[in-house]
K.L.:
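If you scroll down you'll find the structure; I have some questions about it.
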Amino acid sequence: MISLAGLFAAAFLAATPIPFQSEIIFAALVAAGSINPWLLVLVASIGNTLGSCVTYAIGRGLGNLTEGRFALPAAKRARAERWFARWGVWVLLLSWAPGGDVIVAIAGLMRTPVWLFVTLTAIAKTGRYLALLALMSLVAG
């Protein structure tokens with residue numbers, strides 16, 4: 001149970017602006033073989049998706065700031081809006097990749113509907129852990 005809680009925490013933190021890597025912990029737990037790998041995928045995916053919800057909320061909150069230290073300058077906001085308008089919500093399927101936290105924050109800034117955000121992000125995050133599990137299975141045997 002402690003291993004699952006640690007994986008959840010690592011996956012959660014990895015999806016926030018805090019620099020952290022959950023893949024190493026996930027891979028170590030898969031390699032240990034003491035926990036069902038599908039349970040590991042489930043726990044890591046839920047943790048990572050919920051962490052992305054924090055980043056989404058930060059982006060949404062930044063959209064409300066018009067002045068002060070954390071306010072997004074108008075030029076940067078306009079650039080983010082153009083970029084997101086060009087690629088659309090489907091870019092959230094890349095939220096698992098390096099730089100994905102920026103995509104997630106922009107989705108919050110652009111007020112992407114929460115249900116759509118969570119759906120696309122959960123697909124992306126789960127896909128990443130499934131791909132890692134598949135890769136580990138191929139390498140192991």
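Position 1 is the first residue of the sequence; numbering continues from there.
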K.L.:
Specify the closest pair of heavy atoms between Ile46 and Phe8, including all atoms of both residues, with the distance to one decimal.
P.N.:
CG2-CE1, 4.0 Å
K.L.:
Whether the side chain of Arg128 engages the backbone of Trp96 through a donor-acceptor N/O pair (distance < 3.5 Å, no angle test) should be reported.
P.N.:
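It does hold such a pair.
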K.L.:
Strictly distance-based, threshold 3.5 Å: is any side-chain N or O of Ser45 a donor or acceptor partner for the main-chain N or O of Leu42?
P.N.:
no
K.L.:
Quick one: do Leu92 and Ile123 end up in the same hydrophobic cluster if we chain Ile, Leu, Val, Met, Phe, Trp and Tyr together by side-chain heavy atoms under 4.5 Å apart?
P.N.:
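Same cluster: Leu92 reaches Ile123 through Ile, Leu, Val, Met, Phe, Trp or Tyr contacts under 4.5 Å.
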K.L.:
Which pair of heavy atoms, one from Val104 and one from Ser52, lies closest together, and at what distance?
P.N.:
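For Val104 versus Ser52, the nearest heavy atoms are CG1-O, 3.2 Å.
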K.L.:
Ignoring hydrogens and angles, write down the donor-acceptor pairs under 3.5 Å from the side chains of residues 112-120, residues two or more places apart or on other chains.
P.N.:
residue: Thr112; atom: OG1; partner: Ala107; partner atom: O; Å: 3.1
residue: Thr119; atom: OG1; partner: Trp115; partner atom: O; Å: 2.7

K.L.:
Any salt bridge (charged side-chain N to carboxylate O under 4.0 Å, His left out) involving residues 88-102? Give me the pairs, sequence neighbours left out, ordered by first then second residue.
P.N.:
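For residues 88-102: none.
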K.L.:
Following the transitive rule for hydrophobic clusters with a side-chain heavy-atom cut-off under 4.5 Å over Ile, Leu, Val, Met, Phe, Trp and Tyr, establish whether Ile58 and Leu13 coincide in one cluster.
P.N.:
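Ile58 clusters together with Leu13.
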K.L.:
If I compare all heavy atoms of Ala10 with all of Phe20, which pair ends up nearest, and what's the gap?
P.N.:
CB-CE2, 3.4 Å
K.L.:
Which heavy atom in Ala44 sits nearest to a heavy atom in Phe26, and how many Å separate them?
P.N.:
CB-CD1, 4.1 Å
K.L.:
Could you tell me whether the side chain of Asn48 and the main chain of Phe12 form a donor-acceptor pair under 3.5 Å?
P.N.:
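No, because the side chain of Asn48 does not come within donor-acceptor range (under 3.5 Å) of the backbone of Phe12.
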K.L.:
Thr55: what forms a side-chain hydrogen bond (donor to acceptor under 3.5 Å, both in side chains) with it, not counting sequence neighbours?
P.N.:
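In terms of side-chain hydrogen bond (donor to acceptor under 3.5 Å, both in side chains), with neighbours along the sequence ignored, Thr55 is linked to no residue.
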K.L.:
Within this structure, what is the CG-CD1 distance for the pair Leu40 and Ile25, rounded to the nearest 0.5 Å?
P.N.:
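Here the interatomic distance stands at 11.5 Å.
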K.L.:
Is the backbone of Ser95 close enough, under 3.5 Å, to the side chain of Lys125 for a donor and an acceptor to pair up by distance?
P.N.:
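It does hold such a pair.
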K.L.:
Identify whether Ile24 and Ile18 are in the same connected component of the hydrophobic contact network (ILVMFWY, side-chain heavy atoms under 4.5 Å).
P.N.:
no
K.L.:
Are Ile106 and Val54 in one and the same hydrophobic cluster, where Ile, Leu, Val, Met, Phe, Trp and Tyr link if side-chain heavy atoms are under 4.5 Å apart?
P.N.:
no
K.L.:
Looking at Trp83, I'd like to know if its CH2 atom is crowded, meaning that more than 12 non-hydrogen atoms belonging to other residues, nucleotides or ligands lie closer than 6.0 Å.
P.N.:
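Counting neighbours around CH2 of Trp83, more than 12 heavy atoms of other residues, nucleotides or ligands fall under 6.0 Å, so yes.
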K.L.:
Calculate, to the nearest 0.5 Å, the distance between atoms CG and CG belonging to Leu39 and Leu7 respectively.
P.N.:
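It comes to 9.0 Å.
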